[in-house]
Amino acid sequence: MHSHNHSHHHSHDKNERIGWTFFLNVTFTIIEFIGGWLTNSTAIMADAVHDLGDSISIGFAWLMSHFSDKQASSTYSYGYKRLSLFGALINSVVLIAGSIFILVEAIPRLLNPEMPMVEGMLGLALLGVSVNGYAVYKLKAGTTLNEKVLTWHLLEDVLGWVAVLIVSIILMFVDWPILDPLLSIAFTLFILFNVLKNLRSTLALFLQASPDKETQAKITEALLSKPEVREVHHLHYWSLDGESHVLTVHLVLSALYDVPKLQSLKQVISEDLSSFDLSHTTIEFEFPNEICRDA
């Protein structure tokens with residue numbers, strides 16, 4: 001028994017969100033490089049390099065997101081949705097590398113802090129918070145892992161610019177340039193911690209782990225609740241991209257039922273599983289004393 005859920009996940013909106021984010025990031029990265037040079041701020045220049053990496057990653061994610069919506073083929077029978085998951089994995093790795101780069105740039109400044117052009121820092125910080133904050137708002141509507149990882153990319157930038165904003169205001173009144181690298185390090189470590197958690201779930205899904213143990217238990221319970229089902233085995237519940245889930249399972253029947261009874265059972269099971277929003281469902285019936293070929 002095979003069923004296919006044709007529900008759409010607003011793929012056009014998803015691609016549009018990532019596309020907007022890409023163009024915003026590229027444009028602002030160029031502004032950052034110019035602004036960093038004009039203000040003589042190594043922190044802004046370092047953030048510009050980081051944003052350049054973000055732009056490349058977001059562009060890659062946009063490409064992967066586009067290909068992930070291609071129709072299934074005889075070669076790729078489940079379609080290309082796992083490309084989106086692959087994009088999320090690559091983006092996590094790039095973001096971790098970018099965070100390490102920021103730490104390498106910021107830590108030496110603790111020993112030899114320099115006073116930048118504070119007014120220019122303040123202006124760029126306000127622009128940075130606005131641009132990246134808007135990009136986070138656009139991506140926050142997304143539900144895929146790819147979009148969640150990209151949101152962390154941009155949230156890191158927002159918090160980084162908040163740090164620059166706070167430091168630039170303080171530096172207008174006191175001569176404490178060391179606050180800049182201190183706040184940059186604190187925000188970067190915070191984001192790094194969250195991205196590592198995201199990377200862990202992405203890797204688990206990439207290795208076809210169950211997306212939710214509780215849901216898997218409920219599915220098993222729903223299948224076993226039928227008096228016609230004696231046993232459930234070879235149940236595989238995994239995810240294509242963190243959003244589209246797949247279920248395959250063998251059901252051992254409690255008796256030798258006729259075709260009308262099996263058709264009725266299939267309909268009841270289909271209705272019960274509809275609440276779990278499965279993209280692909282494949283269920284095999286096994287009759288009593290039948291040897292499972294996958295045993």
Side-chain angles (χ1 to χ4, degrees), residues 1-15 64-88 142-146 201-295:
M1 181 175 77
H2 179 78
S3 68
H4 185 92
N5 185 343
H6 293 284
S7 64
H8 296 287
H9 297 288
H10 308 291
S11 58
H12 175 74
D13 291 342
K14 174 186 66 176
N15 291 335
M64 291 299 98
S65 177
H66 173 74
F67 276 108
S68 72
D69 292 327
K70 289 179 65 178
Q71 293 297 315
S73 65
S74 57
T75 305
Y76 298 98
S77 58
Y78 278 113
Y80 298 81
K81 286 188 176 294
R82 286 183 74 76
L83 283 174
S84 177
L85 194 61
F86 179 66
T143 55
T144 65
L145 269 177
N146 209 352
S201 22
T202 302
L203 277 173
L205 291 177
F206 201 75
L207 296 173
Q208 294 184 315
S210 170
D212 188 341
K213 283 287 186 183
E214 187 178 337
T215 300
Q216 182 173 322
K218 287 180 180 178
I219 290 173
T220 303
E221 184 182 345
L223 294 172
L224 284 172
S225 68
K226 308 293 175 290
E228 298 88 350
V229 177
R230 188 181 73 194
E231 181 190 337
V232 171
H233 62 231
H234 287 299
L235 188 149
H236 302 288
Y237 175 57
W238 56 283
S239 184
L240 291 170
D241 61 352
E243 185 179 16
S244 303
H245 303 329
V246 177
L247 173 71
T248 62
V249 64
H250 290 194
L251 302 182
V252 180
L253 302 177
S254 54
L256 290 170
Y257 299 111
D258 57 18
V259 173
K261 179 64 176 177
L262 291 176
Q263 288 177 325
S264 173
L265 178 59
K266 283 173 63 177
Q267 183 61 35
V268 170
I269 290 174
S270 179
E271 290 171 359
D272 281 358
L273 293 181
S274 64
S275 62
F276 296 104
D277 195 26
L278 299 164
S279 294
H280 297 272
T281 307
T282 304
I283 298 178
E284 181 173 341
F285 289 151
E286 292 179 6
F287 294 103
N289 301 321
E290 179 182 352
I291 298 175
C292 175
R293 66 173 180 273
D294 295 331

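Treat the numbers as computed from the prediction; the structure is a model and nothing was measured. Residue numbers run from 1 in the order of the sequence given.
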To the nearest 0.5 Å, atom CG of Leu205 lies from atom CG of Asp241 at 9.0 Å

Heavy atoms, side chains only, cut-off 4.5 Å: are Leu251 and Lys226 in contact?
-> no

Taking it one step at a time, do Gln267 and Gln263 satisfy side chain to side chain donor-acceptor pair (under 3.5 Å)?
-> CA-CA 6 Å; Gln267 183 61 35; Gln263 288 177 325; over 6 Å; no

How far apart are the C-alpha atoms of Arg82 and Tyr76, what are their side-chain angles, what is the distance that settles it, and do they pass the side-chain contact (heavy atoms from CB on, under 4.5 Å) test?
-> CA-CA 10 Å; Arg82 286 183 74 76; Tyr76 298 98; over 6 Å; no

So with a 6.0 Å cut-off around CG of Asp258, is the heavy-atom count from everything else above 12?
-> yes

Tyr237 OH: over 12 foreign heavy atoms closer than 6.0 Å | yes

Please name the pair of heavy atoms, one in Ser254 and one in Pro227, separated by the smallest distance, quoted to 0.1 Å.
-> OG-O, 3.1 Å

Do Phe276 and Leu247 come within less than 4.5 Å of each other through their side chains, counting heavy atoms only?
-> no

Would you please say whether a donor-acceptor pair under 3.5 Å links the side chains of His234 and Glu284?
-> no

Do the non-hydrogen side-chain atoms of Thr281 and Ile269 ever get within less than 4.5 Å of each other?
-> no

Looking at side-chain heavy atoms only, is the closest gap between Leu273 and Ile283 below 4.5 Å?
-> yes

Donor-acceptor pair, side chain of Lys218 and main chain of Glu214, under 3.5 angstrom | no

side-chain hydrogen bond (donor to acceptor under 3.5 Å, both in side chains) involving His236 - partner list, sequence neighbours excluded | none

N/O donor-acceptor pair under 3.5 Å between Ser210 side chain and Trp238 backbone = no

Scanning both residues in full, the closest heavy-atom pair of Arg230 with Pro288 reads NH1-CB, 4.2 Å

Are there more than 12 heavy atoms of other residues, nucleotides or ligands under 6.0 Å from atom CD of Glu271?
-> yes

Working to the nearest 0.5 Å, report the span between OG1 of Thr248 and CG of Leu235.
-> 7.0 Å

Would you call Gln216 and His245 a side-chain contact if the rule is heavy atoms closer than 4.5 Å?
-> no

Spatial distance of atom OG (Ser279) from atom OH (Tyr78) [nearest 0.5 Å] | 10.5 Å

Rounded distance (nearest 0.5 Å) linking atom SG of Cys292 with atom NE2 of His233 = 4.0 Å

